[in-house]
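Report on the following structure.
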Amino acid sequence: MDKRYFPDKIVKWYESNKRSLPWRDTRDPYKIWLSEIILQQTRVSQGLPYYLRFIEAYPTVRALAAAPEQEVLRLWQGLGYYTRARNLHKCAKAVVSLHNGEFPRTYETLLSLPGIGEYTAAAIASIAFKQAVAVVDGNVFRVLSRIFGIDTPINSPEGKKQFTALANELVPTAQPDAHNQAVMEFGALFCTPQNPQCDTCIFQKNCFAFSRKMQQALPVKLKLKASRKRYFYYIVLEHRNSLLMRKREQKDIWLGLFDFHLVEKNRPVKPEKILEEEAVKKMVGNDASITISKNYKHILTHQTIFSRFIIVKSDKKIKHVHQNHSFYSLPQIAALPKPVLVSRFLQEHYVL
DNA sequence: AAATCGGGGTA
DNA sequence: TACCCAGATTT
(Lines give C-alpha, C1' and ligand atoms only; values in the text may rest on other atoms or scores of the structure.)
Protein backbone atom coordinates (compact mmCIF):
# COMPACT_ATOMS: atom_id res chain seq x y z
CA MET A 1 0.00 0.00 0.00
CA ASP A 2 1.32 3.41 -0.94
CA LYS A 3 1.37 5.61 2.14
CA ARG A 4 0.41 8.68 0.10
CA TYR A 5 -3.04 7.37 -0.74
CA PHE A 6 -3.96 5.84 2.59
CA PRO A 7 -5.14 8.92 4.57
CA ASP A 8 -7.44 10.27 1.87
CA LYS A 9 -8.89 6.87 1.13
CA ILE A 10 -9.66 5.89 4.70
CA VAL A 11 -11.19 9.27 5.60
CA LYS A 12 -13.51 8.96 2.60
CA TRP A 13 -14.49 5.52 3.82
CA TYR A 14 -15.08 6.93 7.29
CA GLU A 15 -17.36 9.73 6.14
CA SER A 16 -19.80 7.26 4.63
CA ASN A 17 -19.44 4.39 7.11
CA LYS A 18 -19.05 5.91 10.56
CA ARG A 19 -21.46 5.11 13.37
CA SER A 20 -23.37 7.99 14.86
CA LEU A 21 -22.16 8.29 18.45
CA PRO A 22 -22.91 11.04 20.99
CA TRP A 23 -19.25 12.03 21.50
CA ARG A 24 -18.84 12.53 17.75
CA ASP A 25 -21.39 15.34 17.58
CA THR A 26 -19.42 17.61 19.87
CA ARG A 27 -16.15 19.46 20.18
CA ASP A 28 -16.47 19.71 23.94
CA PRO A 29 -13.12 18.36 25.21
CA TYR A 30 -14.83 17.22 28.42
CA LYS A 31 -17.16 14.89 26.52
CA ILE A 32 -14.38 13.66 24.27
CA TRP A 33 -12.13 13.00 27.26
CA LEU A 34 -14.91 11.18 29.14
CA SER A 35 -15.68 8.96 26.15
CA GLU A 36 -12.00 8.11 25.67
CA ILE A 37 -11.52 7.09 29.31
CA ILE A 38 -14.65 4.92 29.24
CA LEU A 39 -13.61 3.30 25.97
CA GLN A 40 -10.16 2.25 27.18
CA GLN A 41 -10.14 -1.55 26.76
CA THR A 42 -13.92 -1.38 26.43
CA ARG A 43 -16.22 -1.88 23.47
CA VAL A 44 -18.46 0.95 22.32
CA SER A 45 -21.60 -1.10 22.98
CA GLN A 46 -20.59 -1.70 26.59
CA GLY A 47 -19.39 1.84 27.29
CA LEU A 48 -22.19 3.81 25.64
CA PRO A 49 -24.80 3.53 28.45
CA TYR A 50 -22.16 4.52 31.01
CA TYR A 51 -21.22 7.55 28.93
CA LEU A 52 -24.85 8.69 28.81
CA ARG A 53 -25.28 8.25 32.57
CA PHE A 54 -22.08 10.16 33.32
CA ILE A 55 -23.01 13.08 31.08
CA GLU A 56 -26.42 13.26 32.69
CA ALA A 57 -25.03 13.10 36.24
CA TYR A 58 -22.06 15.40 35.53
CA PRO A 59 -22.67 17.70 32.54
CA THR A 60 -19.38 19.54 33.07
CA VAL A 61 -15.91 18.81 34.34
CA ARG A 62 -16.61 21.06 37.34
CA ALA A 63 -19.67 18.98 38.26
CA LEU A 64 -17.60 15.81 38.09
CA ALA A 65 -14.80 17.34 40.15
CA ALA A 66 -17.30 18.32 42.85
CA ALA A 67 -18.74 14.81 43.23
CA PRO A 68 -17.69 12.39 45.99
CA GLU A 69 -15.36 9.64 44.78
CA GLN A 70 -17.65 6.90 46.04
CA GLU A 71 -20.45 8.27 43.90
CA VAL A 72 -18.21 8.19 40.84
CA LEU A 73 -17.17 4.61 41.60
CA ARG A 74 -20.81 3.66 42.02
CA LEU A 75 -21.65 5.05 38.56
CA TRP A 76 -18.65 3.14 37.19
CA GLN A 77 -19.79 -0.15 38.77
CA GLY A 78 -19.64 -3.03 36.30
CA LEU A 79 -17.24 -1.38 33.84
CA GLY A 80 -14.10 -2.77 35.44
CA TYR A 81 -10.58 -1.34 35.66
CA TYR A 82 -11.73 0.84 38.53
CA THR A 83 -8.48 2.79 38.58
CA ARG A 84 -9.94 4.50 35.53
CA ALA A 85 -12.81 5.84 37.64
CA ARG A 86 -10.49 7.10 40.38
CA ASN A 87 -8.18 8.72 37.84
CA LEU A 88 -11.19 10.17 36.03
CA HIS A 89 -12.15 11.92 39.22
CA LYS A 90 -8.58 12.99 40.01
CA CYS A 91 -8.19 14.33 36.49
CA ALA A 92 -11.38 16.37 36.73
CA LYS A 93 -10.11 17.92 39.95
CA ALA A 94 -6.75 18.64 38.35
CA VAL A 95 -8.38 20.33 35.36
CA VAL A 96 -10.38 22.55 37.70
CA SER A 97 -7.57 23.41 40.10
CA LEU A 98 -4.57 23.53 37.75
CA HIS A 99 -6.17 24.64 34.49
CA ASN A 100 -9.07 26.82 35.59
CA GLY A 101 -11.65 24.22 34.53
CA GLU A 102 -10.49 24.03 30.91
CA PHE A 103 -8.72 21.07 29.33
CA PRO A 104 -5.18 21.78 28.13
CA ARG A 105 -4.93 21.90 24.37
CA THR A 106 -1.66 20.10 23.66
CA TYR A 107 -0.58 16.46 23.64
CA GLU A 108 2.28 17.05 26.09
CA THR A 109 0.19 18.86 28.70
CA LEU A 110 -2.71 16.41 28.41
CA LEU A 111 -0.23 13.60 28.99
CA SER A 112 0.63 15.00 32.41
CA LEU A 113 -2.91 14.52 33.72
CA PRO A 114 -3.98 11.44 35.75
CA GLY A 115 -5.34 8.57 33.67
CA ILE A 116 -4.30 10.18 30.39
CA GLY A 117 -1.61 8.13 28.66
CA GLU A 118 -0.22 8.32 25.16
CA TYR A 119 -3.32 7.08 23.42
CA THR A 120 -5.81 9.30 25.25
CA ALA A 121 -3.62 12.40 25.01
CA ALA A 122 -3.37 11.90 21.26
CA ALA A 123 -7.11 11.30 20.95
CA ILE A 124 -8.09 14.47 22.81
CA ALA A 125 -5.40 16.63 21.19
CA SER A 126 -6.41 15.55 17.70
CA ILE A 127 -10.19 15.25 18.05
CA ALA A 128 -10.91 18.23 20.30
CA PHE A 129 -8.02 20.53 19.29
CA LYS A 130 -7.02 19.35 15.77
CA GLN A 131 -3.40 18.70 16.70
CA ALA A 132 -1.75 16.44 14.10
CA VAL A 133 -0.74 13.60 16.41
CA ALA A 134 -1.64 9.97 15.71
CA VAL A 135 -3.58 7.70 18.04
CA VAL A 136 -2.18 4.19 18.41
CA ASP A 137 -4.59 1.65 19.85
CA GLY A 138 -5.43 -1.98 19.18
CA ASN A 139 -7.31 -1.06 16.00
CA VAL A 140 -4.42 0.98 14.62
CA PHE A 141 -1.94 -1.84 15.31
CA ARG A 142 -4.16 -4.28 13.47
CA VAL A 143 -5.04 -2.13 10.46
CA LEU A 144 -1.48 -0.91 9.81
CA SER A 145 0.00 -4.32 10.44
CA ARG A 146 -2.24 -5.96 7.85
CA ILE A 147 -2.29 -3.28 5.17
CA PHE A 148 1.42 -2.42 5.31
CA GLY A 149 2.64 -5.89 6.25
CA ILE A 150 4.43 -5.22 9.51
CA ASP A 151 5.12 -8.31 11.59
CA THR A 152 6.94 -6.75 14.52
CA PRO A 153 5.09 -7.94 17.66
CA ILE A 154 2.63 -5.23 18.68
CA ASN A 155 3.25 -5.80 22.39
CA SER A 156 7.02 -5.38 22.11
CA PRO A 157 8.77 -2.04 22.67
CA GLU A 158 10.12 -2.09 19.10
CA GLY A 159 6.66 -2.76 17.73
CA LYS A 160 5.16 0.08 19.67
CA LYS A 161 7.85 2.44 18.36
CA GLN A 162 7.52 1.27 14.79
CA PHE A 163 3.72 1.47 14.64
CA THR A 164 3.69 4.85 16.38
CA ALA A 165 6.21 6.20 13.87
CA LEU A 166 4.21 4.93 10.91
CA ALA A 167 0.92 6.21 12.32
CA ASN A 168 2.41 9.68 12.80
CA GLU A 169 3.82 9.59 9.30
CA LEU A 170 0.32 8.93 7.97
CA VAL A 171 -1.71 11.39 10.02
CA PRO A 172 -2.53 14.46 7.90
CA THR A 173 -2.27 18.05 9.14
CA ALA A 174 -5.55 18.84 7.40
CA GLN A 175 -7.94 16.66 9.41
CA PRO A 176 -6.12 14.60 12.02
CA ASP A 177 -9.37 14.07 13.93
CA ALA A 178 -11.20 12.39 11.06
CA HIS A 179 -8.10 10.39 10.13
CA ASN A 180 -7.56 9.00 13.61
CA GLN A 181 -11.18 8.09 14.06
CA ALA A 182 -11.30 6.62 10.56
CA VAL A 183 -8.49 4.14 11.24
CA MET A 184 -10.05 3.08 14.54
CA GLU A 185 -13.56 2.79 13.10
CA PHE A 186 -12.22 0.78 10.19
CA GLY A 187 -10.51 -1.57 12.63
CA ALA A 188 -13.66 -1.91 14.72
CA LEU A 189 -16.11 -2.47 11.83
CA PHE A 190 -14.13 -3.98 8.94
CA CYS A 191 -10.59 -5.00 9.78
CA THR A 192 -11.69 -6.98 12.84
CA PRO A 193 -9.49 -9.45 14.76
CA GLN A 194 -11.51 -12.45 13.62
CA ASN A 195 -13.18 -12.82 10.21
CA PRO A 196 -12.36 -9.40 8.73
CA GLN A 197 -14.65 -8.22 5.90
CA CYS A 198 -11.99 -8.60 3.22
CA ASP A 199 -14.44 -9.47 0.43
CA THR A 200 -15.91 -5.95 0.48
CA CYS A 201 -12.82 -4.07 1.68
CA ILE A 202 -11.70 -0.92 -0.13
CA PHE A 203 -8.06 -1.83 0.47
CA GLN A 204 -8.34 -5.33 -0.95
CA LYS A 205 -6.03 -4.61 -3.89
CA ASN A 206 -3.51 -2.76 -1.73
CA CYS A 207 -3.50 -4.93 1.37
CA PHE A 208 -0.31 -6.84 2.17
CA ALA A 209 -2.13 -9.36 4.35
CA PHE A 210 -4.98 -10.05 1.92
CA SER A 211 -2.70 -10.61 -1.06
CA ARG A 212 -0.83 -13.26 0.96
CA LYS A 213 -3.83 -14.60 2.90
CA MET A 214 -2.15 -13.52 6.12
CA GLN A 215 -5.14 -11.79 7.77
CA GLN A 216 -5.14 -14.31 10.60
CA ALA A 217 -1.37 -14.15 11.03
CA LEU A 218 -1.26 -10.36 11.44
CA PRO A 219 -0.79 -8.58 13.69
CA VAL A 220 1.81 -10.63 15.56
CA LYS A 221 1.39 -10.65 19.30
CA LEU A 222 3.66 -12.29 21.85
CA LYS A 223 1.88 -14.72 24.12
CA LEU A 224 0.97 -13.65 27.61
CA LYS A 225 1.29 -15.84 30.63
CA ALA A 226 -1.40 -18.32 31.54
CA SER A 227 -4.18 -17.35 33.90
CA ARG A 228 -4.43 -18.55 37.47
CA LYS A 229 -7.36 -19.88 39.46
CA ARG A 230 -8.60 -18.32 42.69
CA TYR A 231 -11.21 -19.70 45.07
CA PHE A 232 -13.21 -17.14 47.03
CA TYR A 233 -15.44 -17.96 49.99
CA TYR A 234 -17.53 -15.02 51.13
CA ILE A 235 -19.10 -14.95 54.60
CA VAL A 236 -22.38 -13.06 54.30
CA LEU A 237 -23.26 -12.18 57.88
CA GLU A 238 -26.90 -11.23 58.16
CA HIS A 239 -28.16 -9.47 61.27
CA ARG A 240 -31.82 -8.42 61.13
CA ASN A 241 -32.00 -6.30 57.97
CA SER A 242 -28.31 -5.56 57.76
CA LEU A 243 -25.34 -7.23 56.14
CA LEU A 244 -21.72 -7.07 57.23
CA MET A 245 -19.64 -5.61 54.45
CA ARG A 246 -16.15 -4.26 54.14
CA LYS A 247 -14.31 -1.90 51.88
CA ARG A 248 -11.41 -3.51 50.06
CA GLU A 249 -8.28 -1.62 51.03
CA GLN A 250 -5.49 -4.07 50.25
CA LYS A 251 -3.52 -3.65 47.11
CA ASP A 252 -5.40 -6.30 45.20
CA ILE A 253 -8.29 -6.66 42.83
CA TRP A 254 -11.33 -4.40 43.37
CA LEU A 255 -9.51 -1.85 45.50
CA GLY A 256 -11.96 0.59 47.07
CA LEU A 257 -15.04 -1.52 46.34
CA PHE A 258 -17.30 -3.23 48.88
CA ASP A 259 -17.71 -6.97 49.41
CA PHE A 260 -18.12 -9.45 52.27
CA HIS A 261 -15.60 -11.01 54.63
CA LEU A 262 -13.48 -13.11 52.32
CA VAL A 263 -11.50 -16.29 52.81
CA GLU A 264 -9.34 -17.04 49.78
CA LYS A 265 -7.91 -20.46 48.92
CA ASN A 266 -5.72 -21.58 46.05
CA ARG A 267 -7.72 -24.79 45.68
CA PRO A 268 -11.36 -25.76 46.18
CA VAL A 269 -12.43 -26.39 49.77
CA LYS A 270 -15.75 -27.46 51.23
CA PRO A 271 -17.58 -24.28 52.31
CA GLU A 272 -18.35 -25.88 55.70
CA LYS A 273 -14.63 -26.07 56.29
CA ILE A 274 -14.33 -22.32 55.97
CA LEU A 275 -16.66 -21.83 58.94
CA GLU A 276 -14.17 -23.63 61.16
CA GLU A 277 -11.47 -21.06 60.64
CA GLU A 278 -10.68 -19.05 63.78
CA ALA A 279 -11.44 -15.60 62.40
CA VAL A 280 -14.76 -16.79 61.02
CA LYS A 281 -15.77 -18.66 64.22
CA LYS A 282 -15.21 -15.51 66.24
CA MET A 283 -17.63 -13.59 64.08
CA VAL A 284 -20.26 -16.22 63.49
CA GLY A 285 -20.79 -17.78 66.92
CA ASN A 286 -22.69 -21.01 67.46
CA ASP A 287 -26.40 -20.29 67.18
CA ALA A 288 -26.40 -19.33 63.51
CA SER A 289 -28.24 -20.84 60.57
CA ILE A 290 -26.19 -21.41 57.44
CA THR A 291 -27.08 -21.30 53.77
CA ILE A 292 -24.51 -21.99 51.07
CA SER A 293 -24.94 -20.49 47.62
CA LYS A 294 -24.21 -22.07 44.28
CA ASN A 295 -20.78 -21.74 42.74
CA TYR A 296 -20.19 -18.57 40.71
CA LYS A 297 -17.52 -18.68 38.04
CA HIS A 298 -16.02 -15.38 37.12
CA ILE A 299 -13.57 -15.30 34.21
CA LEU A 300 -11.20 -12.36 34.08
CA THR A 301 -8.28 -11.79 31.76
CA HIS A 302 -5.50 -13.35 33.82
CA GLN A 303 -7.48 -15.25 36.38
CA THR A 304 -10.58 -17.32 36.91
CA ILE A 305 -12.39 -16.83 40.19
CA PHE A 306 -14.69 -19.46 41.65
CA SER A 307 -16.82 -17.88 44.35
CA ARG A 308 -19.28 -19.23 46.88
CA PHE A 309 -21.29 -17.20 49.33
CA ILE A 310 -21.99 -18.60 52.79
CA ILE A 311 -25.00 -16.83 54.25
CA VAL A 312 -24.95 -16.82 58.05
CA LYS A 313 -28.04 -15.62 59.91
CA SER A 314 -27.69 -14.70 63.56
CA ASP A 315 -29.89 -12.82 66.00
CA LYS A 316 -26.99 -12.18 68.31
CA LYS A 317 -25.15 -8.93 67.98
CA ILE A 318 -21.80 -9.58 66.36
CA LYS A 319 -18.93 -8.38 68.53
CA HIS A 320 -15.81 -9.48 66.73
CA VAL A 321 -15.96 -7.37 63.64
CA HIS A 322 -12.82 -7.13 61.54
CA GLN A 323 -11.12 -4.00 60.45
CA ASN A 324 -12.90 -2.08 57.67
CA HIS A 325 -16.06 -4.13 58.27
CA SER A 326 -19.39 -2.70 59.37
CA PHE A 327 -23.10 -3.38 59.03
CA TYR A 328 -25.11 -1.72 56.30
CA SER A 329 -28.85 -1.72 55.72
CA LEU A 330 -30.07 -2.90 52.34
CA PRO A 331 -30.79 0.61 51.03
CA GLN A 332 -27.28 1.65 52.06
CA ILE A 333 -25.80 -1.35 50.30
CA ALA A 334 -27.59 -0.41 47.10
CA ALA A 335 -25.55 2.79 46.98
CA LEU A 336 -22.15 1.15 47.62
CA PRO A 337 -19.81 0.42 44.70
CA LYS A 338 -19.43 -3.35 44.42
CA PRO A 339 -17.70 -5.84 42.13
CA VAL A 340 -20.13 -7.29 39.58
CA LEU A 341 -19.95 -10.72 41.18
CA VAL A 342 -21.11 -9.40 44.57
CA SER A 343 -23.67 -7.20 42.87
CA ARG A 344 -25.15 -10.20 41.08
CA PHE A 345 -25.29 -12.26 44.25
CA LEU A 346 -27.08 -9.47 46.12
CA GLN A 347 -29.68 -9.09 43.39
CA GLU A 348 -30.42 -12.80 43.50
CA HIS A 349 -30.77 -13.04 47.28
CA TYR A 350 -31.91 -9.65 48.51
CA VAL A 351 -34.16 -6.84 47.32
CA LEU A 352 -32.01 -3.74 47.19
C1' DA B 1 10.33 -4.70 30.37
C1' DA B 2 6.85 -7.05 32.74
C1' DA B 3 2.88 -7.34 35.66
C1' DT B 4 -1.52 -5.83 36.90
C1' DC B 5 -6.06 -4.32 36.45
C1' DG B 6 -12.46 -6.36 35.02
C1' DG B 7 -15.92 -7.46 32.60
C1' DG B 8 -18.20 -8.74 28.43
C1' DG B 9 -18.27 -10.44 23.59
C1' DT B 10 -16.99 -13.75 20.13
C1' DA B 11 -15.61 -17.97 17.74
C1' DT C 1 -10.98 -22.08 26.18
C1' DA C 2 -8.46 -18.28 24.19
C1' DC C 3 -8.36 -13.89 22.49
C1' DC C 4 -9.83 -9.19 22.13
C1' DC C 5 -11.56 -4.59 23.37
C1' DA C 6 -10.63 3.57 21.16
C1' DG C 7 -4.63 1.45 27.62
C1' DA C 8 -2.51 3.41 31.98
C1' DT C 9 0.21 2.78 35.86
C1' DT C 10 3.25 0.51 38.91
C1' DT C 11 7.10 -2.44 39.85
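Owing to the predicted nature of the structure, the values given are computational and were not obtained by experimental measurement. Just the heavy atoms: all of them, side chains too, but no hydrogens, waters or symmetry mates, feed the values below.
Checking the phosphate oxygens (OP1, OP2) of dT11(C), a side-chain nitrogen or oxygen of Lys251(A) falls inside 4.0 Å. Distances shown here put every side-chain N or O of Trp23(A) at or beyond 4.0 Å from the OP1 or OP2 atom of dA6(C). Note on Gln46(A): every side-chain N or O is 4.0 Å or more away from OP1 and OP2 of dG6(B). At dA3(B), none of the side-chain N or O atoms of Arg228(A) fall inside 4.0 Å of OP1 or OP2 (strictly under the cut-off). Residue Lys297(A) places at least one side-chain N or O closer than 4.0 Å to OP1 or OP2 of dT1(C). Residue His302(A) has no polar side-chain atom (N or O) positioned under 4.0 Å from OP1 or OP2 of dA3(B). Between Tyr82(A) and dG7(B) there is a side-chain N or O to OP1 or OP2 distance below 4.0 Å.
Between Leu113(A) and Ser35(A), the residue anchored nearer the 5' end of DNA chain C, judged by the nucleotide with its closest heavy atom, is Ser35(A). Comparing Asn195(A) and Ile253(A) along DNA chain B, the residue whose closest nucleotide (by nearest heavy atom) sits nearer the 5' end is Ile253(A). Mapping Lys90(A) and Leu39(A) onto DNA chain C by nearest heavy atom places Leu39(A) at the nucleotide closer to the 5' end.
The two residues Lys31(A) and Trp23(A) make their nearest non-hydrogen contact at O-CB, 4.3 Å. Across all non-hydrogen atoms, the minimal contact from Pro196(A) to Thr192(A) is CA-OG1, 3.4 Å. Taking all atoms of both residues into account, the shortest heavy-atom contact from Leu110(A) to Ala125(A) is CD1-N, 3.7 Å. Contact record, Tyr30(A) with Pro59(A): CE2-O, 3.4 Å, taken as the closest heavy-atom pair.
When each of dA6(C), dG7(B), dA8(C) is scored by its nearest atom to the side-chain atoms of Arg19(A), the top-ranked nucleotide is dA6(C). Side-chain atoms of Pro193(A) lie closest to dC5(C) of the nucleotides dT1(C), dC5(C), dG8(B). Of the candidate nucleotides dC5(B), dA6(C), dG7(B), dG7(B) has the atom lying nearest to any side-chain atom of Pro339(A). Comparing dG7(B), dG8(B), dC5(C) by their nearest atom to the side chain of Gln41(A) picks out dC5(C). Among dC3(C), dG7(B), dC5(C), the nucleotide with an atom closest to any side-chain atom of Lys223(A) is dC3(C).
Contact annotation for Gln303(A): backbone-only contact, meaning every heavy-atom pair under 4.0 Å involves sugar-phosphate atoms and none involves a base. Heavy atoms of Arg24(A) sit under 4.0 angstrom from at least one base atom. Backbone-only contact: Val340(A) has heavy atoms under 4.0 Å from sugar-phosphate atoms and none from a base. Nucleic acid contact class of Glu185(A) (heavy atoms, under 4.0 Å, all strands): base. If you check every strand for non-hydrogen atoms under 4.0 Å, Thr83(A) touches nothing. Here Thr120(A) lies in heavy-atom contact (under 4.0 Å) with sugar-phosphate atoms only. Within 4.0 Å (heavy atoms only), Ile116(A) reaches sugar-phosphate atoms of the nucleic acid but no base atom. Heavy atoms of Asn180(A) sit nowhere under 4.0 angstrom from any nucleic acid atom. At a threshold of 4.0 angstrom between heavy atoms, the contacts of Gly47(A) with the nucleic acid are absent.
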- Worked check of side-chain contact (heavy atoms from CB on, under 4.5 Å) between Arg84(A) and Leu79(A): CA-CA 10 Å; Arg84(A) 286 187 294 170; Leu79(A) 256 187; 4.1 Å; yes

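No hydrogens or angles were tested; on distance alone, a donor-acceptor pair under 3.5 Å links the side chain of Thr301(A) to the base of dG7(B). Residue-to-nucleotide contacts include no donor-acceptor pair under 3.5 Å from the side chain of Arg84(A) to the base of dC5(B).
The same atom, C1', is picked in dG8(B) and in dT9(C); the two are 23 Å apart, to the nearest Å. The same atom, P, is picked in dA3(B) and in dA6(C); the two are 25 Å apart, to the nearest Å.
The only option from Phe141(A), Phe208(A), Phe6(A) that meets the ring pair (Phe, Tyr, Trp, His ring centres under 6.0 Å) definition with Phe148(A) turns out to be Phe6(A).
The existence of a salt bridge linking Asp177(A) and Lys130(A) is confirmed by a sub-4.0 Å separation between a basic side-chain nitrogen and an acidic carboxylate oxygen.
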